[in-house]
Amino acid sequence: MKSSSPDSSEALMTLVSTLAGQTLGQLAARASLSIPARATAAKGWIGQLLEYHLGAEAGSKAIPDFPSLGIELKTIPVNALGNPLETTYVTTVNLDSLPGQTWLTSPVYQKLQQVLWVPIEGDPKIPLAARRIGQAILWTPTSEQARVLQQDWQDLVDLILLGNFETLTSQLGTYLHIRPKAAHGKILQTTEHHAQTLPRGFYLRTALTREILK
DNA sequence: CTATGATCATGA
DNA sequence: TCATGATCATAG
């Protein structure tokens, strides 16, 4: 049975706290889902499993997972120490809507206003079904975190708007950076300056998520 | 195709 | 070892 959507952040936190300590195998069984056999086939599967149990209703729409609460759900793989193993995808770099956009109107800012982080054991040595869910954290950027994020975003967007894709490397950005985001390497999109470039996305570095989780 | 959800796999 | 660049699954 699919959970109904929580009607308050308190209800959501109560609900997610009941999942802490459970394994993905237990959650999958309750959702009548099978465990992906291959690791590559599991990408995104954990996130969707959590969406199901928490009653997220946004589906594949470009809105928060809990629209009425303005809360975005993110699962994050962690090691035995509770530190993140991966960067976190935020949103696509949309070349058409960037011009005229400001930090406050940007999808990055809006998505990161309230994030429910659910840490999950991510050590590849642990079988998928045995991985346990940790204690969730409802996060809003601190003023310092927000300041750095805004600086990163502005720097990156400036490069794009100038058409400097050659210098737009993944090394840029303290907390936020830009990397390819596509089904495969042959997809291209057209820039404002009529050049062809790989679709990219905004990602959060582990430097930030490590701060959030500790 | 684009959006969502992410992690894989390789090279530095 | 770990970050970058590439890729995988699903829904619409």
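Chain letters run A, B, ... following the sequence lines, proteins first and then strands; every chain starts at 1.
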So, is [X] close to the [N] phosphate, meaning a side-chain N or O under 4.0 Å from OP1 or OP2?
| X | N | value |
| --- | --- | --- |
| A:Lys111 | B:dA3 | no |
| A:Ser170 | C:dG5 | yes |
| A:Arg205 | C:dC2 | no |
| A:Tyr89 | B:dG5 | no |

Check: [N] base within 3.5 Å donor-acceptor of [X] side chain:
| X | N | value |
| --- | --- | --- |
| A:Lys181 | C:dG5 | no |
| A:Lys61 | B:dT4 | no |
| A:Tyr203 | B:dA6 | yes |

| request: Please state whether the rings of A:Trp153 and A:Trp103 are parallel, tilted or perpendicular, taking 30° and 60° as the class boundaries. | output: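 Because their plane-to-plane angle lies in the 30° to 60° range, the rings of A:Trp153 and A:Trp103 count as tilted.
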Nearest-Å distance for atom pair [atom1]/[atom2], residues [X] and [N]:
| X | N | atom1 | atom2 | answer |
| --- | --- | --- | --- | --- |
| A:Asn94 | B:dC1 | CG | P | 16 Å |
| A:Leu50 | C:dA9 | CG | C1' | 17 Å |
| A:Phe165 | C:dG5 | CZ | P | 15 Å |
| A:Trp117 | B:dG5 | CH2 | C1' | 13 Å |
| A:Tyr52 | C:dT10 | OH | P | 17 Å |
| A:Leu49 | C:dT10 | CG | C1' | 14 Å |
| A:Asn83 | C:dT1 | CG | C1' | 14 Å |
| A:Arg210 | C:dA3 | CZ | C1' | 12 Å |

Need one value for [X]: base, sugar-phosphate or nothing, where a base atom within 4.0 Å counts as base even if backbone is also close, heavy atoms only.
| X | answer |
| --- | --- |
| A:Ala182 | base |
| A:Pro124 | nothing |
| A:Leu85 | nothing |
| A:Gln189 | nothing |
| A:Ile187 | sugar-phosphate |
| A:Gly44 | base |

So CG of A:Asn164 and OG1 of A:Thr191: to nearest 0.5 Å the spacing works out to 11.0 Å
As a test of reading the structure: which of [options] is closest to the side chain of [X], going by heavy atoms?
| X | options | value |
| --- | --- | --- |
| A:Glu51 | B:dG5, B:dT7, B:dC8 | B:dG5 |
| A:Thr40 | B:dA3, B:dG5, B:dC8 | B:dC8 |
| A:Asp65 | B:dC8, C:dA6, B:dG5 | B:dG5 |
| A:Pro180 | C:dG5, B:dA9, B:dG5 | C:dG5 |

Comparing nearest nucleotides in DNA chain C, the 5'-proximal residue of the pair A:His184, A:Thr87 is A:Thr87
Note to self: Nearest heavy atom decides the nucleotide; on that basis, is A:Gly185 or A:Gln171 closer to the 5' end of DNA chain C?
What the structure shows: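 Its nearest nucleotide being more 5', the pick is A:Gln171.
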Tell me if a side-chain donor or acceptor on [X] pairs with a main-chain N or O of [Y] at a distance below 3.5 Å.
| X | Y | value |
| --- | --- | --- |
| A:Arg205 | A:His177 | no |
| A:Asn94 | A:Ser97 | yes |
| A:His53 | A:Leu19 | no |

### Query
Relative to the 5' end of DNA chain B, which residue comes earlier, A:Thr92 or A:Thr88, by the nucleotide with the nearest heavy atom?
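Nearer the 5' end of the strand: A:Thr92.
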On a heavy-atom basis, which atom in A:Ser9 and which in A:Leu138 lie closest, and how many Å separate them?
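For A:Ser9 and A:Leu138, the tightest heavy-atom pair comes out as CB-CD2, 4.4 Å.
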Please step through side-chain contact (heavy atoms from CB on, under 4.5 Å) for the pair A:Trp117 and A:Thr88, ending with a clear verdict.
CA-CA 11 Å; A:Trp117 296 96; A:Thr88 303; 3.7 Å; yes
